[in-house]
Structures are given as structure tokens and as C-alpha cells.
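Here's the structure we're looking at; comments come further down.
What you are looking at is a predicted structure, and each value in this text was computed from that prediction instead of being measured. Within every chain, numbering begins at 1; the chains are lettered A, B, ... in the order of the sequence lines, protein sequences first and strands thereafter.
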Amino acid sequence: MIHEFYFLVSGPMTWLGFSVFVAGLAWRLARYRRKAVLANGGLPSDFRPAWAAASITRYLLPLNRTARSSPWSTAAGFALHVPLLTLAFFLSAHVVMVEQSWGVSWPSIPDAWADGLAVLALLGLAFLLGKRLFHPALKGLTEPKDILVLFLVALPLLTGLAAHRQWGDYPTMLTLHILSANILLMVIPFSKLSHMALFFVSRAATGSDFGRRRVGPW
Amino acid sequence: MGQDSSIWTVGIVFYRRHQAQDAVGCILQEARTYPVAVSLGKISLCGPMTASLKNFPLIILPLCLFLSGLLLVVMLVSYPVGECAAPSETLHLADPAFSQRQRPGVLFTHGEHMARTECTDCHHVFADGKNTWEYGMETSCSACHKAGDRGPLGLRRAWHGQCLGCHEEQKGVAGRAPVMCGECHVRGSGTDGP
């Protein structure tokens with residue numbers, strides 16, 4: 001029974017998940033552009049690509065002003081994002097799945113790193129959850145959906161860790177892992193997780209704007 | 001090897017000294033060299049043996065060597081050459097060509113597979129597009145497929161393709177074949193590896 005479900009989530013549902021993810025993010029990017037055009041009556045003619053690139057770079061390496069004013073949140077953010085993306089793209093099990101399905105392959109991280117990376121990402125999430133719940137200013141801005149997305153990110157990490165260590169009933173755990181990852185993929189474009197794509201355009205716009213005002217790339 | 005390591009195993013490992021450092025995982029080679037010993041189920045050739053070797057009283061080694069040699073001779077004589085002596089028991093597949101093993105080796109029920117498929121469904125040597133493999137020929141995947149090769153015929157893809165290629169077609173049948181990573185690479189199964 002669980003195996004039929006496994007074939008369903010690892011086959012058709014994964015195709016659906018990635019399709020919704022890609023199409024959804026493309027739609028969000030197109031919508032962003034459309035709204036920007038509507039608001040300004042066209043795209044800004046004095047867009048500063050160098051300033052945009054500088055600002056994006058400063059946020060990808062923690063060299064921005066927010067990193068200096070909120071070092072703990074920045075650390076938690078990196079502790080979440082770096083392991084999460086490293087695991088998603090370079091865990092040997094993920095690489096082998098692609099290798100077997102599509103015949104393309106790339107190097108993977110040593111399996112011994114995987115558990116530590118997953119725990120690090122979960123600790124980062126726990127910090128962000130704590131901040132959402134207890135930080136005086138952020139608490140007032142927090143809605144239930146903000147807590148929900150943190151859980152949706154935590155689920156594939158937790159089930160992935162358990163499946164990798166083979167805790168509990170392995171077939172069920174792995175099936176839940178793929179299911180939760182597919183749900184996450186489909187939620188990303190329609191939630192704040194869309195920052196996965198929109199960060200780059202909003203940061204580029206802000207960087208360009210700051211460049212025009214000569215206030216530094218931040 | 002655990003507590004159940006037999007005197008014969010140690011003798012054989014000593015005899016095949018060049019493999020003693022990494023006796024783990026060369027089961028296919030062992031099976032080829034000692035097909036009778038494996039098929040009789042008297043000798044377990046699985047598991048890391050180096051530790052048991054270190055602590056073994058040296059004086060017993062020549063005796064082991066002699067007795068295991070004697071046993072082999074008896075077995076080989078009692079089984080006529082040419083009769084099918086493929087291993088019918090569970091083999092520990094952990095190809096030593098994977099120098100940095102990421103997952104535990106696989107306990108492979110060779111006997112059960114013999115009942116379901118032909119030898120040449122898995123064992124193969126292709127010549128002019130035809131599988132010319134016969135009993136007694138090469139059985140080690142890493143003899144041809146290389147661990148460093150990331151292409152379609154690399155060792156990892158060859159292994160996974162060989163197992164999953166059939167297993168994925170069995171979906172929905174009773175007693176369905178394993179297809180998930182950890183169904184074959186089982187942690188804490190008494191095999192080596194992480």
C-alpha cells in the first residue's frame with residue numbers, strides 16, 4: 001500500500017510539484033513586472049545594473065547593513081538557507097534519483113555531512129520561529145501563515161533527516177519526505193517563500209534606486 | 001565478522017592475504033573463487049574481518065590454513081566441475097571499487113533471484129550486441145564498470161540500473177521488490193559502511 005503511494009508521490013506528484021513551482025514563480029515574476037510598469041508608467045529608464053548587482057551581492061554574502069544591525073537573524077538565515085539548498089541539490093540520494101531518472105549526474109556532498117546540515121537548517125528555522133513568536137516588534141506583524149510556512153519548510157527537513165537515518169518506518173518516512181517536499185514546492189510561488197525568485201528583482205530594484213539616490217548599495 | 005566468525009573464514013582470509021585488508025565487499029570475487037564454499041552455506045564471507053585477524057593467536061593460523069585448505073579440497077572434489085555452484089544464499093554486495101562508500105552495502109538474496117530470473121538477466125558480457133556471459137565468467141561489476149565514471153555505464157549507475165531496472169517494473173505485484181534507497185542500503189544491518 002505504502003509503495004503504491006510512494007510511486008504516486010515520487011512520479012506524477014513530483015512532476016506536478018515542479019510544474020506548479022516553475023510556472024508559479026514565472027507567473028509571480030511576470031506579475032511583479034506588470035505591477036512595476038503599472039505603478040511607474042513603464043520600467044525605469046535609469047535602471048542601474050551595477051548598483052543592483054552590488055546590492056544583491058551584499059545580501060548573498062552577509063555584507064549588508066541589516067547583517068550588521070541583526071547579526072543573529074542573519075546567522076539564522078544563512079544557517080537555514082545554505083544547508084537547505086546544499087542538501088536539495090547535492091545530497092547523494094537526490095543526485096542518484098535524477099541520475100536514474102534522467103541520466104544526468106553531478107558531484108554530491110559526503111553523506112556524513114547530511115545529518116549535520118539538516119540539524120543546522122532546523123536550528124535556523126527554530127530561531128526564526130522564536131523571533132516570530134517573541135520579538136516585540138515582529139510578534140505584532142506575525143500572522144498564522146508566517147508560522148505555517150516555517151513548518152512547511154521544516155517538514156521535508158525533519159522527514160528527510162529521519163529517512164536518511166532510517167528512523168521509524170522507513171518506507172513511510174521516505175514517502176512523507178517526498179510528499180512534504182512536493183507540497184513545499186507548490187506552496188513556494190503563492191506564499192512569502194516566493195522570495196526565492198522575487199528577492200532578486202526586488203533587491204535589484206532597491207539597489208538601483210539607492211544607487212540613483214547615492215546612498216550606497218546597503 | 002561478529003561472534004559467529006568461524007575458524008574457516010579466518011583461514012580463508014589469511015590464505016587470500018592480499019584481500020585481507022579489505023575482505024569486505026569482495027563477496028562476488030570470493031564467490032567466484034570459492035563458489036562451492038559459499039553455496040554450501042558453511043562459510044560466511046561477509047563483514048569486516050580485519051579486526052578478528054589482528055587479535056587472532058598467531059600459532060593457530062597455520063592450523064587454520066591447513067584445515068581450511070583441506071576443507072576446500074574436500075568440497076571441490078565432492079562437487080564435479082561444471083555443475084551449477086552459483087551462491088544460493090544471501091550475499092553482501094559492497095563493491096570495494098567504491099573507495100569512499102557512502103551507504104551500507106546491500107544484502108542480496110542471490111538464491112531468491114535465481115528462482116525468479118535467468119543468470120543472464122543480470123550477469124552479462126556483451127559481444128556484438130549479444131550477451132555472451134556463461135557460468136564461470138566474470139561476475140564482478142567493477143571489472144568493467146568504473147567507480148570514477150559518471151557516465152551511463154559508470155559503476156554506480158550500472159549497479160542501480162541493474163537492480164532498479166527490474167524492481168521498478170514490479171510495482172503493484174505481491175511481495176513487491178524494493179525500490180527506495182534505504183530498502184536495499186539498510187543501516188545497522190550488520191554490514192559495513194556508514
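More than 12 heavy-atom neighbours from other residues, nucleotides or ligands sit within 6.0 angstrom of CH2 on Trp133(B). Within 6.0 Å of the CH2 atom in Trp106(A), the count of heavy atoms belonging to other residues, nucleotides or ligands exceeds 12. For Phe18(A), the CZ atom is loosely surrounded, since the number of other residues' heavy atoms within 6.0 Å does not exceed 12. A 6.0 Å sphere centred on CZ of Phe151(A) holds no more than 12 heavy atoms belonging to other residues, nucleotides or ligands.
In this structure, Arg157(B) and Ser105(A) have side chains that are in contact, with non-hydrogen atoms separated by less than 4.5 Å. With a 4.5 Å cut-off on side-chain heavy atoms, Phe7(A) and Val179(B) count as touching. The closest side-chain heavy-atom distance from Arg150(B) to Pro107(A) is below 4.5 Å. Between Met180(B) and Thr175(A), the closest side-chain pair of non-hydrogen atoms falls below 4.5 Å.
For the atom pair Arg187(B) CZ and Tyr170(A) OH, the distance stands at 9.0 Å (nearest 0.5 Å).
Across every non-hydrogen atom of Gln102(B) and Ala112(A), the tightest pair is OE1-N, 4.5 Å. When every heavy atom of Gly182(B) is checked against every heavy atom of Gln166(A), the shortest pair comes out as CA-NE2, 3.3 Å.
Residues of residues 20-34 of chain A lying within less than 4.5 angstrom of chain B, judged on heavy atoms, are absent. Inspection of non-hydrogen atoms places Ser92(A), Ala93(A), Val95(A), Val96(A), Glu99(A), Gln100(A) of residues 83-102 of chain A under 4.5 Å from chain B.
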